Visitor: 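Pasting a structure here, questions to come.
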Amino acid sequence: IQSNNFHSLRTKYQPELPQLLQLEELDTKTETIQVNPKIREMFPFLCKDEVKAVTFQGADANENLIRAPLRIGCVLSGGQAAGGHNVIVGIYEQIKRRHPNSQLFGFLKGPIGIYTGKYEELKDDTINYFKNRGGFDMIQSGRHKIETEEQFKKSLQYCQLLKLDGLVVIGGDDSNTNACLLAEYFLKNNCQTCVVGCPKTIDGDLKNEFVEVSFGFDTACKTYSELIGNIMLDTVSSKKYYHFIRLMGRSASHIALECALLTRPTWAYIGEEVEKNKTSLIQIVTQLSDLIEKRYKQNKNHGVILVPEGLIEFIDEVKILIKEINQILASNKWESDQVFDNILTKLTPESSKLLQFLPRSISDQLLLDRDPHGNVQVAKIETEKLLIEMVKAELIRRKYAGKFSAISHYYGYEGRCAFPTKFDCDYCYSLGVNAAILIENKFTGVMSCIRNLHQNPSEWNAAGFPLVTMMDVETRKGKSVPVIKKALVDLEGPLFKFYQLNRDKWAFHDYYHPVGPIQFEGDQVPPFLINGKGFEFEEV
Ligand code: FBP
């Protein structure tokens, strides 16, 4: 009942739009933009002429203009991220403002809904119910990829059948790569449906010179930071536990870094640094044991350690092991119960030794499931427990005189569907409105981008950047394929530098900073953006 009350309160909130997107008439301004020549070859239709980015500016009202209704389809793709519903609400309210007979169709359960033609028309009641609400339950999501010729063909047929002016793909790097392939396919086959992407993922790794942050990141980090802060208060009260907290965020450690900056833990691992320094698992365990011993000498037997879920993939020997496993699995097929023994015979001696050393739950995960995009499912690997066990063993070996009582936590799914922060509500709504405007202006193969996010929403600006400009060529399953490159933590950037400068102080003199719950009213702190924009270098 309580949550219903809160829900109804949130549905009354009308997200703020940038001033620019509130204007009745907009002129488009395009600018030629460079594309990697290899990508040009892979997208001959999208790159036939010069590839252009588009921005908007206000134009004079034209009273004689007669607008036609717009028909748009949308799909949520990949993992949940708070704010996805508001992208859909933004599209809907924008096309209805343009023409009351406009229609919005939601493809169900992710991209599979497109090529199987499973959709639902979204109307006022649905839109109003889901406004400012977390989750992807309005139309659900899925991790399917549009891959085969048949799936592309069917996708085109259903978009044509629905006479769609546009399709909005709300997804992460892989889903937007897929959106770009779809845009190319539609152009090649004279299909009028424009494809526009929106940057979604809590992981924060879909960002580049065009995209300042992906939506959902802010809500996830603030949700986890609230929980981390609560744990901090608990541990400084009892002074008897070390809490090892694994944080979601597949490969990149953006979430761990953002949460560390917000809460100032005893220690936070940053996967990218571990990779750069080629830190081994044993070195990590040694460092942690040193830290625990040193704190014990200060009479401290407690602490809060943040572990990004992607850490395991960045540890040098594990990375090599995963690469070897991927190559072996690409050319061999075994019954699942025979994979472990067979792989051992094909790995290099070092990797084979490591695979046997790791707890079976972890080695099984490394061996088996990959998601449809080929990613190891790090959400299922309990790295925090592995570290606790290894540190325990190391401290026993050292005849450690203090107490080491550790508790493991995993904060993952609980951060993806929280009520979106005000930032995510406004940002997502604007992304949706902008996507609809891009489609109305017949731009295809572009990402809806809202920028200048460190300012108030009224000052944000809007653009459409070609997806091909964000692409690189990577080898996946032995083939060269175009992909939007994941952005990793910049070890030279101001955010990491700030953490690096302060972490030794935080490690030994509990500077814990419990931030409390997300606030929906009053002053808002946006997430730390690319290049540290919006980040205040508060001395602590
Ligand atoms: P997206 O990249 O699709 O946004 O998903 C991100 C994520 O939440 C990761 O942080 C996490 O490792 C993974 O999804 C979990 O996947 P699943 O929901 O399939 O368990």
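Here the structure is a predicted model, which means the values were calculated and not measured.
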Visitor: Would you call E93-K131 a salt bridge at under 4.0 Å N-O?
Guide: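 Salt bridge present between E93 and K131.
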Visitor: Considering only heavy atoms from C-beta outward, does the side chain of L488 approach that of D205 to under 4.5 Å?
Guide: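 L488 does not reach D205 side chain to side chain.
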Visitor: Using atom types as modelled and distance alone, determine if a side-chain donor or acceptor of K96 lies under 3.5 Å from a backbone N or O of P100.
Guide: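 Checking the backbone N and O of P100 against the side chain of K96, a donor-acceptor pair under 3.5 Å is found.
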Visitor: Does the ring center of F152 lie less than 6.0 Å from the ring center of Y185?
Guide: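 Yes; Y185 has its ring centre under 6.0 Å from that of F152.
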Visitor: Could you tell me if Y429 and D424 have a donor-acceptor pair between their side chains, going purely by distance under 3.5 Å?
Guide: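 Per modelled atom types, D424 and Y429 side chains form no pair under 3.5 Å.
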Visitor: Find out whether F496 and L257 are in side-chain contact, i.e. whether some heavy atom of one side chain is under 4.5 Å from a heavy atom of the other.
Guide: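 Counting from C-beta outward, F496 and L257 do come under 4.5 Å.
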Visitor: So, are E31 and K52 salt-bridged, with charged N and O less than 4.0 Å apart?
Guide: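 Here E31 does not pair with K52 in a salt bridge, since their nearest N and O are not under 4.0 Å apart.
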Visitor: Can you give me the closest heavy-atom contact between P482 and L181, atom names plus distance?
Guide: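 Looks like CG-CD2, 4.4 Å.
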Visitor: For the side chain of T126 and the backbone of L122, is there at least one donor-acceptor N/O pair under 3.5 Å apart?
Guide: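 No: the side chain of T126 does not pair with the backbone of L122.
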Visitor: Hey, are the side chains of L182 and S155 touching, using non-hydrogen atoms and a 4.5 Å cut-off?
Guide: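 SC-SC contact between L182 and S155 confirmed.
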Visitor: So does Q34 have more than 12 non-hydrogen atoms from other groups sitting under 6.0 Å from CD?
Guide: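 Counting neighbours around CD of Q34, 12 or fewer heavy atoms of other residues, nucleotides or ligands fall under 6.0 Å, so no.
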Visitor: May I have the list of side-chain donor-acceptor pairs in residues 455-470 shorter than 3.5 Å, sequence neighbours left out?
Guide:
| unit_1 | atom_1 | unit_2 | atom_2 | d |
| --- | --- | --- | --- | --- |
| W460 | NE1 | Q455 | O | 3.0 |
| T469 | OG1 | P466 | O | 2.5 |

Visitor: Drop me the distance from C221's SG to Y411's OH, to the nearest 0.5 angstrom.
Guide: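 Separation between the atoms: 14.0 Å.
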Visitor: Side chain of H254, backbone of A487: donor and acceptor closer than 3.5 Å?
Guide: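 Indeed, once roles are kept as given, a pair shorter than 3.5 Å links the two residues.
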Visitor: Is there a side-chain contact (heavy atoms from CB on, under 4.5 Å) between T193 and T444 once you walk through the steps?
Guide: CA-CA 8 Å; T193 308; T444 190; over 6 Å; no
Visitor: Tell me, do S102 and R97 make a side-chain contact under 4.5 Å, heavy atoms counted?
Guide: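 A side-chain contact is absent here, since even the closest heavy-atom pair is not under 4.5 Å.
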Visitor: Does D60 CG have over 12 foreign heavy atoms under 6.0 Å away?
Guide: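 12 or below, so no.
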Visitor: I would like to know whether V433 and I91 meet side-chain contact (heavy atoms from CB on, under 4.5 Å); could you show each step before the answer?
Guide: CA-CA 5 Å; V433 168; I91 303 170; over 6 Å; no
Visitor: D490 side chain to E492 main-chain N or O, any donor-acceptor pair under 3.5 Å?
Guide: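 Checked: pair present.
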Visitor: To check you understand the geometry: which heavy-atom pair defines the closest contact between E25 and R67, and what is its length?
Guide: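 In this case the closest contact between E25 and R67 is OE2-NH2, 2.8 Å.
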Visitor: Where the side chain of N86 meets the backbone of N132, is there a donor-acceptor pair that is under 3.5 Å apart?
Guide: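 Such a contact is found between N86 side chain and N132 backbone.
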Visitor: Can you confirm whether V211 sits close enough to N208 that some side-chain heavy atom of one is under 4.5 Å from a side-chain heavy atom of the other?
Guide: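 Touching, per the 4.5 Å side-chain cut-off.
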Visitor: Could you tell me which non-hydrogen atom of P308 sits nearest to which non-hydrogen atom of A256, and how far apart they are?
Guide: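 So the two residues come closest at CB-CB, 3.9 Å.
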Visitor: Under 6.0 Å from the NZ atom of K319, do we count more than 12 heavy atoms belonging to anything else shown?
Guide: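 Yes, the 6.0 Å shell around NZ holds more than 12 heavy atoms from other groups.
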Visitor: Answer yes or no: is there a side-chain heavy-atom contact under 4.5 Å between L438 and V54?
Guide: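 Yes - at least one pair of side-chain heavy atoms lies under 4.5 Å apart.
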Visitor: So, does E184 use its side chain to make a donor-acceptor pair with the main chain of F45 at under 3.5 Å?
Guide: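 Yes: the side chain of E184 pairs with the backbone of F45.
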Visitor: Output yes when a side-chain donor or acceptor of S214 lies under 3.5 Å from a complementary backbone atom of K200, and no otherwise.
Guide: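 No.
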Visitor: Pick out which of L329, L366, L321 makes a side chain to side chain contact (heavy atoms under 4.5 Å, CB included) with I343.
Guide: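 For I343, the side chain to side chain contact (heavy atoms under 4.5 Å, CB included) check succeeds only for L329.
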Visitor: Answer yes if the side chains of Q157 and Y115 hold a donor-acceptor pair under 3.5 Å, and no otherwise.
Guide: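 No, no side-chain donor-acceptor contact under 3.5 Å.
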Visitor: Take atom CD of Q14 as the centre, draw a 6.0 Å sphere, and report whether it contains more than 12 heavy atoms from other residues, nucleotides or ligands.
Guide: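 Above 12, so yes.
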Visitor: Carefully, step by step, assess K163 and Q103 under the rule side-chain contact (heavy atoms from CB on, under 4.5 Å).
Guide: CA-CA 11 Å; K163 298 194 181 65; Q103 285 174 284; over 6 Å; no
Visitor: Can you tell me how far SG of C194 sits from CG of L164, rounded to the nearest 0.5 angstrom?
Guide: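 If we round to the nearest 0.5 Å, L164:CG and C194:SG are 10.5 Å apart.
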Visitor: What's the separation between atom CE in M42 and atom SG in C47, rounded to the nearest 0.5 Å?
Guide: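 Here the rounded value is 11.5 Å.
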Visitor: Would you verify whether the NZ or CZ of R416 falls within 45 degrees of the ring axis of Y413 while also being under 6.0 Å from that six-membered ring's centre?
Guide: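 That pair does not qualify as a cation-pi contact.
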Visitor: Given 3.5 Å as the limit, does a donor-acceptor pair link the side chain of T177 with the main chain of D173, or not?
Guide: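 Checked: pair present.
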Visitor: Let me confirm one number: the OG1-CE distance from T223 to M248, rounded to the nearest 0.5 Å.
Guide: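 The OG1 atom of T223 sits 12.5 Å away from the CE atom of M248.
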Visitor: Within a reach of under 6.0 Å around CD of E335, are more than 12 heavy atoms found that belong to other residues, nucleotides or ligands?
Guide: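 Check fails, neighbour count at 12 or below.
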Visitor: Can you tell me if CZ on F105 sees more than 12 non-hydrogen neighbours from other groups inside 6.0 Å?
Guide: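 More than 12 within 6.0 Å, yes.
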Visitor: Looking at every heavy atom in both P18 and S430, which two are closest together, and how far apart are they?
Guide: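 What the structure gives for the nearest pair is CD-OG, 3.2 Å.
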Visitor: For side-chain contact (heavy atoms from CB on, under 4.5 Å), just list the numbers for V169 and F107, CA-CA rounded to whole Å, side-chain angles, deciding distance to a tenth of an Å, and then say yes or no.
Guide: CA-CA 10 Å; V169 177; F107 286 104; over 6 Å; no
Visitor: Any idea which heavy atoms bring S141 and L76 closest together, and the distance?
Guide: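 Where S141 meets L76 most closely, the heavy atoms are OG-O, 3.1 Å.
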Visitor: Just wondering, do S448 and L431 contact through their side chains at under 4.5 Å, heavy atoms?
Guide: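 They are in side-chain contact.
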Visitor: Answer yes if the side chains of E272 and S253 hold a donor-acceptor pair under 3.5 Å, and no otherwise.
Guide: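 Yes.
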Visitor: Are any side-chain N or O atoms of N441 and backbone N or O atoms of I437, one a donor and one an acceptor, separated by less than 3.5 Å?
Guide: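 Yes, because the side chain of N441 sits within donor-acceptor range (under 3.5 Å) of the backbone of I437.
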Visitor: Between V75 and P111, what is the shortest heavy-atom contact and its length?
Guide: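 Looking at all heavy atoms of both residues, the closest pair is CG2-N, 3.7 Å.
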Visitor: List the steps and the verdict of salt bridge (charged side-chain N to carboxylate O under 4.0 Å, His left out) for K188 and E149.
Guide: CA-CA 13 Å; K188 183 174 157 197; E149 175 62 26; 5.9 Å; no
Visitor: Tell me, yes or no, whether the heavy-atom count around Q192 atom CD, taken from other residues, nucleotides or ligands under 6.0 Å, exceeds 12.
Guide: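 No, CD of Q192 has 12 or fewer neighbouring heavy atoms, counting only those of other groups under 6.0 Å.
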Visitor: H85 pairs by ring-ring contact (aromatic ring centres under 6.0 Å, His included) with which of F130, Y129, Y92?
Guide: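 Filter result, single survivor: F130.
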Visitor: Is the NZ or CZ atom of R246 positioned over Y410's six-membered ring, under 6.0 angstrom from the centre and within 45° of the axis?
Guide: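 Output yes; distance and angle both within limits.
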Visitor: Looking at N178 and I146, would you say the former's side chain and the latter's main chain have a donor-acceptor pair under 3.5 Å?
Guide: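 The answer is yes, because a donor-acceptor pair under 3.5 Å joins these two groups.
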Visitor: So how far is it from N176 CG to I484 CD1, rounded to the nearest 0.5 Å?
Guide: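 So the gap between those two atoms works out to 4.5 Å.
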Visitor: Charged N to carboxylate O below 4.0 Å: is that the case for E16 and K422?
Guide: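 Salt bridge: yes.
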Visitor: For K486, does the NZ atom have more than 12 heavy-atom neighbours from other residues, nucleotides or ligands under 6.0 Å away?
Guide: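 Above 12, so yes.
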Visitor: Any side-chain heavy-atom pair from Q327 and K323 closer than 4.5 angstrom?
Guide: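 Q327 reaches K323 side chain to side chain.
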Visitor: Does the distance from a Lys or Arg side-chain N to an Asp or Glu carboxylate O, for E324 and K346, drop under 4.0 Å?
Guide: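 No, no charged N to carboxylate O under 4.0 Å.
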Visitor: To the nearest 0.5 Å, what is the distance between OG1 on T383 and CD on E309?
Guide: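 With rounding to 0.5 Å, OG1 (T383) is 8.0 Å from CD (E309).
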